[in-house]
*Asks:* 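Supplied in structure tokens, the structure appears directly below.
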Amino acid sequence: MKADENETLQEVYPDVKQMKPNNEGYDYLLMNVHGINLRIEFKSRVKTRKFDITAYQADHCDIFALKDENKELWFMTNELYMSLCEKHSAWPKHKSKRWQLSLNKFRENSSKNLYEVADNFRPKYGTLHEFV
């Protein structure tokens, strides 16, 4: 399967690890300053005016990344996205997409700095370090 040529996050953030093409649920991994590997879902949006996700992505991503029509990058935690989004307009007819957020609302509430988002991320599920 061919990789999406729009998925170019590693050009700006060379320390992200790109997953194999068509990986289910997320596209990149990035270790933050706390030693936590974060799962990043990357979407390039030019024609559509919304950032939509599947139920799997809602459950398995830590950060959502948007490359907009101006080729600008924007980043948002899953927790923030889920607090702002609404049911997808095509659901339940098209079960693949579950949640949506307008691009304008995504940009208004996100950061242009991946490290800022990643390094302030604290998982609700805890870490092995906290367990020990």
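Being a predicted model, the structure only gives us computed values, none of them experimental.
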*Asks:* Are R98 and T54 close enough that some pair of their side-chain heavy atoms sits under 4.5 Å apart?
*Replies:*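 Side-chain contact under 4.5 Å: no.
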
*Asks:* Any idea which heavy atoms bring Y26 and E41 closest together, and the distance?
*Replies:*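 Result for this residue pair: CA-OE1, 3.3 Å.
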
*Asks:* Do K87 and W99 touch side chain to side chain, with heavy atoms closer than 4.5 Å?
*Replies:*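 Result yes, sub-4.5 Å side-chain heavy-atom pair found.
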
*Asks:* Checking salt bridge (charged side-chain N to carboxylate O under 4.0 Å, His left out) between D68 and each of K43, R107, K50, which is the one that passes?
*Replies:*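 So the option named by the test is R107.
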
*Asks:* Taking N78's backbone N and O only, do any of them form a donor-acceptor pair with D62's side chain (distance below 3.5 Å, no angle check)?
*Replies:*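 No; zero donor-acceptor contacts below 3.5 Å.
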
*Asks:* Using the rule that Ile, Leu, Val, Met, Phe, Trp and Tyr join whenever any side-chain heavy atoms are under 4.5 Å apart, tell me whether Y56 and I53 fall into a single cluster.
*Replies:*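 No; I53 is not reachable from Y56 via cluster members.
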
*Asks:* Considering all heavy atoms of both residues, which atom of A118 and which atom of L30 are nearest to each other, and what is their separation?
*Replies:*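 A118 and L30 have their closest heavy atoms at CB-CD2, 3.8 Å.
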
*Asks:* Is the shortest heavy-atom distance from the side chain of D52 to the side chain of R45 under 4.5 Å?
*Replies:*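 A side-chain contact under 4.5 Å exists here.
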
*Asks:* Is a donor on one side and an acceptor on the other found under 3.5 Å between the side chain of D119 and the backbone of V33?
*Replies:*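 Side chain of D119 to backbone of V33: a pair is present.
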
*Asks:* Locate the shortest heavy-atom distance separating F51 from Y81; write the atom from each residue and the value.
*Replies:*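 For F51 and Y81, the tightest heavy-atom pair comes out as O-OH, 2.7 Å.
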
*Asks:* For a side chain to side chain contact (heavy atoms under 4.5 Å, CB included) check, start with the C-alpha distance between V117 and L38, then their side-chain angles and the critical distance, and finish with the verdict.
*Replies:* CA-CA 10 Å; V117 175; L38 303 176; over 6 Å; no

*Asks:* Hey, what do you get for CE (M76) to SG (C61), rounding to the nearest 0.5 Å?
*Replies:*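 Answer rounded to 0.5 Å: 13.5 Å.
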
*Asks:* What are the two closest non-hydrogen atoms of T48 and L103, and how far apart are they?
*Replies:*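 T48 and L103 have their closest heavy atoms at O-CD1, 3.5 Å.
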
*Asks:* I40 and M19: same hydrophobic cluster, using ILVMFWY side-chain contacts below 4.5 Å?
*Replies:*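 No: no chain of side-chain contacts under 4.5 Å links I40 to M19.
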
*Asks:* Are V46 and F106 connected into the same hydrophobic cluster when the rule is that any two of I, L, V, M, F, W, Y join if their side-chain heavy atoms are below 4.5 Å apart?
*Replies:*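 Per the 4.5 Å side-chain linkage, F106 and V46 are not co-clustered.
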
*Asks:* Report yes if the side chains of L114 and L73 come closer than 4.5 Å at any heavy-atom pair, otherwise no.
*Replies:*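 SC-SC contact between L114 and L73 ruled out.
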
*Asks:* Taking a hydrophobic cluster as the set of Ile, Leu, Val, Met, Phe, Trp and Tyr residues connected by side-chain heavy atoms closer than 4.5 Å, whether directly or through intermediates, do F42 and M31 fall within one such cluster?
*Replies:*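 In one cluster: no.
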
*Asks:* Working to the nearest 0.5 Å, report the span between OG1 of T77 and CG of N109.
*Replies:*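 Separation between the atoms: 10.0 Å.
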
*Asks:* Apply side chain to side chain contact (heavy atoms under 4.5 Å, CB included) to the pair W74 and K112, showing each step before the final yes or no.
*Replies:* CA-CA 5 Å; W74 302 87; K112 294 185 90 174; 3.5 Å; yes

*Asks:* Roughly how far, to the nearest 0.5 Å, is CG of L29 from CD1 of I63?
*Replies:*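 Reported to 0.5 Å precision, the distance equals 11.0 Å.
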
*Asks:* Do L9 and D27 have side chains that get closer than 4.5 Å, going by heavy atoms?
*Replies:*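 A side-chain contact is absent here, since even the closest heavy-atom pair is not under 4.5 Å.
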
*Asks:* Could you see if F64 belongs to whatever hydrophobic cluster contains L101? Use Ile, Leu, Val, Met, Phe, Trp, Tyr and a side-chain cutoff under 4.5 Å.
*Replies:*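 Same hydrophobic cluster.
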
*Asks:* If we only count heavy atoms from C-beta on, is the K105 to Q100 side-chain gap below 4.5 Å?
*Replies:*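 Not touching, per the 4.5 Å side-chain cut-off.
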
*Asks:* Would a line drawn from the ring center of Y13 to the ring center of F75 be shorter than 6.0 Å?
*Replies:*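 Yes, they do, as the ring centres are separated by less than 6.0 Å.
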
*Asks:* Quick one: do D59 and R39 make a salt bridge, cutoff under 4.0 Å?
*Replies:*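 The answer is no: the pair does not qualify as a salt bridge.
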
